[in-house]
Number of protein chains: 2
Amino acid sequence: MVETSSDTKTPTKSARTRKRILDAAAAEFRQAGYNARLVDIAERAGMQAGSLYYHFASREELVAEILQLGIATAFAQVRRAIEELDGSDIESDPRRRLETAIRAHTMAVLEQSDYASAQAKIVGQVPPDIAEAHKADQRSYGAYWNDLLETAATAGVLRADLDLFAARMLAFGAMNWTTEWFDPSRRLSADQIADTAVMMIMSGLAK
Amino acid sequence: MVETSSDTKTPTKSARTRKRILDAAAAEFRQAGYNARLVDIAERAGMQAGSLYYHFASREELVAEILQLGIATAFAQVRRAIEELDGSDIESDPRRRLETAIRAHTMAVLEQSDYASAQAKIVGQVPPDIAEAHKADQRSYGAYWNDLLETAATAGVLRADLDLFAARMLAFGAMNWTTEWFDPSRRLSADQIADTAVMMIMSGLAK
DNA sequence: GTCTATATGCAGATAGAC
DNA sequence: GTCTATCTGCATATAGAC
């Protein structure tokens with residue numbers, strides 16, 4: 001069988017370049033927000049702006065792919081962390097599963113992935129058509145979190161009077177907004193912030 | 001004494017127009033994000049784009065003023081809510097003061113003010129020089145919140161192991177991110193969301 | 001596949017009439 | 001003070017050489 005670009009073991013040169021551009025774009029969007037310029041993305045990827053168009057039809061296409069990969073990455077990290085927690089066959093305590101998800105998502109956004117970071121940072125700024133196309137991805141990731149919350153609620157772990165949608169969105173806000181203020185050169189590590197996020201969201205600031 | 005533009009009781013026509021432009025800009029930035037266009041702002045204010053320049057030297061100046069007014073508005077609402085709570089001479093329970101601040105800030109962002117909303121939405125997207133100039137305002141509002149938290153911590157109301165900076169930023173994230181998902185036409189009212197925010201931030205989602 | 005050079009379009013900004 | 005018309009600059013996008 002001849003190797004093709006869809007063979008993940010041996011990506012073509014073109015596929016690797018494409019990946020390099022996406023990496024550069026994620027880093028730029030994370031840092032500069034939605035208005036990051038193609039020239040800067042190209043420079044980071046080690047090429048001229050015009051060359052990007054061999055790999056992507058438009059800036060919008062690039063943005064759309066960053067958003068999609070951003071959610072996919074966060075989703076994958078969260079799912080993996082929970083599967084690790086669950087072990088081979090038994091399902092864990094629903095409260096610990098939620099805590100694990102919060103920690104994993106926060107870490108993904110803070111330091112594990114420029115994609116997850118960029119997604120959190122620019123998702124509110126993209127033009128309507130891109131936002132629309134992104135909704136399906138958001139829904140499936142949201143549904144996963146909703147399951148975690150529903151299960152916990154059913155098990156009686158959560159407050160009875162809680163609106164799960166509002167709770168989920170508020171939690172996402174706390175986690176995603178860290179992209180606006182986290183500074184790796186400062187006192188607080190990503191781990192410490194993730195710990196505080198778990199604590200606040202699950203147990204609150206009050207004693 | 002001749003009336004001047006600084007006489008707040010009887011603003012000049014020019015001052016009123018300026019205010020109309022700012023209102024329009026706040027509404028546009030809230031809705032469209034940082035990339036809201038001057039033509040749309042002008043249209044909302046009932047004039048042509050070129051006419052804006054009689055009142056503002058540049059788009060950046062307009063943005064900077066929206067940011068400043070956004071924080072000032074949230075600050076004012078929070079302070080007023082807390083002063084009301086405190087009553088004339090006694091200081092209230094530090095926990096109730098925090099809850100009051102959370103509710104007031106969330107309501108400011110959600111429905112009381114396009115300025116507070118716009119500030120929360122675009123603050124992470126503005127170019128470096130505007131962001132720099134905005135830092136002083138952010139610091140003074142942040143200091144106010146820090147006082148609320150410090151007082152509560154000293155009174156033994158908060159978790160002992162809590163990093164107050166991280167806690168404050170996470171709370172801001174939960175509150176400010178509501179601008180990304182709140183939809184007045186849907187099931188949840190601003191009040192319900194504010195209630196849930198108070199509950200999550202102070203007491204957590206878990207029972 | 002990437003380069004250079006150039007075209008296109010659009011948003012911000014300016015000038016001058018009214 | 002606001003209008004219309006126009007200018008400018010910049011970022012995206014295209015064309016053709018290599």
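Quick caveat: nothing in here was measured; it's all calculated off a predicted structure. Side-chain atoms are counted along with the backbone in the values below, which use heavy atoms only and exclude waters and symmetry mates. Numbered from 1 within each chain, the chains take letters A, B, ... in sequence-line order.
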Looking at the side chain of B/R59, which of C/dT2, C/dA13, D/dT2 is the nearest nucleotide?
C/dA13

Would you confirm whether A/R96, through its side chain, and A/L85, through its main-chain N or O, come within 3.5 Å as a donor-acceptor pair?
no

Residue B/M47, side-chain heavy atoms: nucleotide from C/dT2, D/dC3, D/dT12 that is nearest
D/dC3

Could you give the NE2-to-P distance, from B/H55 to C/dA13, as a whole number of Å?
16 Å

Would you mind reading off the distance between B/N35 atom CG and D/dT12 atom P, rounded to a whole angstrom?
11 Å

Over how many whole Å does the gap from A/F56 atom CZ to C/dG1 atom C1' extend?
14 Å

salt_bridge(B/D86, B/R97) N-O dist < 4.0 Å:
yes

So which one's nearest nucleotide on DNA chain D is more toward 5', A/R37 or A/G50?
A/R37

May I ask you to verify if any side-chain N or O of A/S14 is less than 4.0 angstrom from the OP1 or OP2 atom of C/dG1?
yes

Using atom types as modelled and distance alone, determine if a side-chain donor or acceptor of A/R30 lies under 3.5 Å from a backbone N or O of A/T179.
no

Would you kindly give the CG-to-P distance between B/L38 and D/dG9, to the nearest whole Å?
18 Å

Is the ring centre of A/W181 less than 6.0 Å from the ring centre of B/F172?
no

Of the listed nucleotides (D/dG1, C/dT4, C/dA13), which one gets closest to any side-chain atom of B/Y54?
D/dG1

Please report, rounded to the nearest Å, how far the P atom of D/dT4 is from the CD atom of B/Q48.
5 Å

B/S51 side chain near D/dC3 phosphate (N/O to OP1/OP2, under 4.0 Å)
yes

Tell me whether the side-chain N/O atoms of A/Y53 come closer than 4.0 Å to OP1 or OP2 in D/dA13.
yes

Spacing between A/L52 atom CG and D/dT12 atom C1', to the nearest angstrom:
11 Å

Any B/S58 side-chain nitrogen or oxygen under 4.0 Å from OP1 or OP2 of C/dT14:
no

Could you tell me how far apart B/I21 (CD1) and D/dG1 (P) are, to the nearest whole angstrom?
11 Å

Cationic tip of A/R59 above A/Y34 ring, under 6.0 Å, 45° of axis:
yes

In whole Å, what is the span from the CD1 atom of B/I41 to the C1' atom of C/dG12?
11 Å

